[in-house]
Amino acid sequence: MSLQPGAPAGTQPAPPRRTHLLVPTPEQLAARRLRRRTRLLRPAYWLPFVLLLVVLAIGWGIGARQMPYLFVPLGEIAGVLSEDPAYFLQNTLVTLGEALVGLGIGFVAAFALAVVVSEVAVVRRAVMPFAVVLSVTPLVAIAPLLVVALGFGMAPKVVLTALVCFFPILINVATGLRAVPGPVLEVYRTVAASRLEVLRYLRVPASLPYVFASLRIVFPLSMIGAVVAELAAAGSADGLGSVIQVASSQNRLATVWAAIFVLAALGSLLFWFVTLAERRVLHWHQP
Amino acid sequence: MHGVRRLYEQADLVDLIALDDIDLTIEPGTFVSIIGPSGCGKSTLLRLISGQESADAGRITVCGLTPKEAAEAKAFGFVPQSPALLPWLSVLGNVTLPHKVNRRSDRGRPDLEALLREVGLGESLHKLPAELSGGMKQRTAIVRAFGLRPDVLLLDEPFGALDEFTREALQEQLLELWEQTRATVVFVTHSISEAVRLSDKVVVMAPRPGRITDVIDIDLPRPRHQEIITSPEFHAYELKLRDSLRDAFSHGEVAS
Ligand SMILES: Nc1ncnc2c1ncn2[C@@H]1O[C@H](COP(=O)(O)OP(=O)(O)O)[C@@H](O)[C@H]1O
Ligand SMILES: [Mg+2]
């Protein structure tokens with residue numbers, strides 16, 4: 001566009017404003033969108049994984065022939081699963097329920113204690129050494145005791161899961177609540193923010209990355225807790241752990257493996273769920 | 001502020017005199033800079049004024065109140081060297097949050113969006129801090145402090161981490177905001193030209209122990225725009241301040 005020096009103001013269109021953004025044309029935009037959406041369809045993304053999967057499946061087949069007391073052909077496992085999917089689904093839901101209830105109770109309790117620990121130095125000094133020791137202790141080992149004490153119902157499974165999840169959450173959240181940078185605290189202390197306000201507006205949001213870090217640890221742990229407790233109280237109740245215990249005592253290897261595969265799938269699903277939630281909630285956070 | 005002293009116990013159990021015998025009166029509505037080599041207790045002085053820490057001797061009053069009472073009354077706005085924004089809140093959210101704490105003493109929320117627009121953040125109101133440049137973050141921090149309508153603004157080397165151009169632009173905006181509110185400003189810096197450009201009064205400090213060695217009045221007309229930097233009067237003040245700082249340094253060396 002050429003500017004005419006003599007033209008009166010207002011008669012010429014305003015020159016386009018310069019910006020630092022290059023907006024693509026609609027066609028380019030559509031092409032870019034398509035490229036992004038179909039990214040996962042490109043072989044470079046899925047081929048390495050699929051290749052390794054094939055290699056592992058072949059290895060499994062060889063293993064099944066060499067060690068028939070450990071491995072079963074994949075076809076048999078698939079057969080067991082497709083024969084009675086309702087049986088596996090029902091037991092999966094039982095295990096999942098125990099794991100999630102235990103995790104929920106453990107989380108609420110651990111978070112509450114983490115707040116107290118981060119606010120009250122005396123409590124912190126008393127509690128944290130124990131928390132560190134217990135978080136590295138394999139607490140699943142007390143499963144048989146819990147079964148003896150609490151019976152064969154859901155209680156020992158939930159308690160064990162809650163216990164196993166409790167300490168990693170406590171340690172992570174207690175750390176996260178203290179992760180507010182000094183200058184930020186100073187800014188809000190100069191306006192005399194109360195401790196409750198600092199907790200609510202600064203400490204709790206700042207702890208969210210740590211909360212998710214702990215969830216990544218604790219979701220798989222919750223499955224381990226529930227399954228171990230089921231193994232310890234086998235034959236008496238439902239759940240994939242019980243399925244494994246009963247089937248292996250009767251030498252039904254295909255069923256054992258089927259249950260293990262379902263557990264793996266369930267664990268992955270939970271992990272994926274945490275990742276998804278993390279991306280939603282922590283969009284502001286770049287590690 | 002009278003006879004103020006602040007001690008810190010060091011790792012070797014010896015007390016460090018961070019500030020000693022500080023006598024300073026700051027007239028309401030003036031812009032005062034504090035300049036001195038690092039470690040001379042400038043930040044400590046700000047923490048004492050805002051009631052974050054207590055003096056070990058002497059007395060500080062802010063508008064007739066103790067520092068703690070003044071903080072309780074939301075008399076202060078504070079801008080630290082790092083912008084200290086909350087990464088999960090937008091620009092607007094960061095500027096608004098100080099109004100949601102200690103509500104009882106809040107002095108009313110000015111039009112924060114307009115204030116942000118005024119410093120050129122109009123298109124970034126809903127952006128997260130991670131999407132901003134260093135200068136934009138510091139602008140947000142300044143609006144956060146000004147938006148509180150404080151009696152006293154405390155700024156601790158707010159432009160220390162910025163490049164020359166951004167720094168000058170922000171000085172200009174700081175002055176514009178200040179002309180509107182005329183709060184008392186205590187501005188810590190270690191840039192001589194920044195101190196001359198902005199202040200009515202420059203307080204020169206020396207380290208070990210942290211103390212005031214000189215107070216220089218800057219008698220330049222306001223508003224002070226970019227051009228003033230090249231004027232001979234400005235230059236004369238810069239030289240004077242430089243001399244004063246050199247004296248402060250040599251005193252420090254003799255003492256230690
Ligand atoms: N919390 C503290 N504990 C111990 N020593 C401190 C503390 N804060 C500051 N100091 C010491 O006090 C002196 C002044 O520090 P500061 O006020 O940060 O100086 P400046 O801001 O002028 O660089 C320094 O020697 C510093 O090491
Ligand atoms: Mg400092």
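Lettering follows sequence order; numbering is per chain, from 1.
For chain A, the nearby part of Leu148(B) is the side chain; its heavy atoms alone come within less than 4.5 Å. Interface remark: Pro205(A) contributes backbone and side-chain atoms alike to the contact with chain B (heavy atom separation under 4.5 Å). With a 4.5 angstrom heavy-atom cutoff, Thr190(A) touches chain B via backbone and side-chain atoms both. Only the side chain of Gln52(B) has a heavy atom closer than 4.5 Å to any heavy atom of chain A. Both the backbone and the side chain of Leu202(A) come within less than 4.5 Å of a heavy atom of chain B.
Closest heavy-atom contact between Tyr188(A) and Pro98(B): OH-CD, 3.7 Å. The two residues Ala71(B) and Ala192(A) come nearest to each other via the heavy atoms O-CB, 3.5 Å.
For chain A, the option among Lys68(B), Glu131(B), Arg103(B), Lys100(B) with the highest count of heavy-atom pairs below 4.5 Å is Lys100(B). In terms of non-hydrogen atom pairs under 4.5 Å with chain A, the most contact-rich of Leu85(B), Val79(B), Val101(B), Leu128(B) is Val101(B).
Between Asp156(B) and Glu186(A), the closest side-chain pair of non-hydrogen atoms is not below 4.5 Å. Within the 4.5 Å cutoff, the side chain of Tyr201(A) has heavy atoms near those of the Leu97(B) side chain.
Summarising the local packing, CZ of Arg279(A) is surrounded by 12 or fewer heavy atoms from other residues, nucleotides or ligands at distances under 6.0 Å. Surrounding CZ of Arg42(A) are more than 12 heavy atoms belonging to other residues, nucleotides or ligands, all under 6.0 Å away. Residue-environment remark: CZ (Arg200(A)) stays at or below the threshold of 12 foreign heavy atoms within 6.0 Å.
At least one donor-acceptor pair under 3.5 Å links the side chain of Asn102(B) to the backbone N or O of Val191(A).
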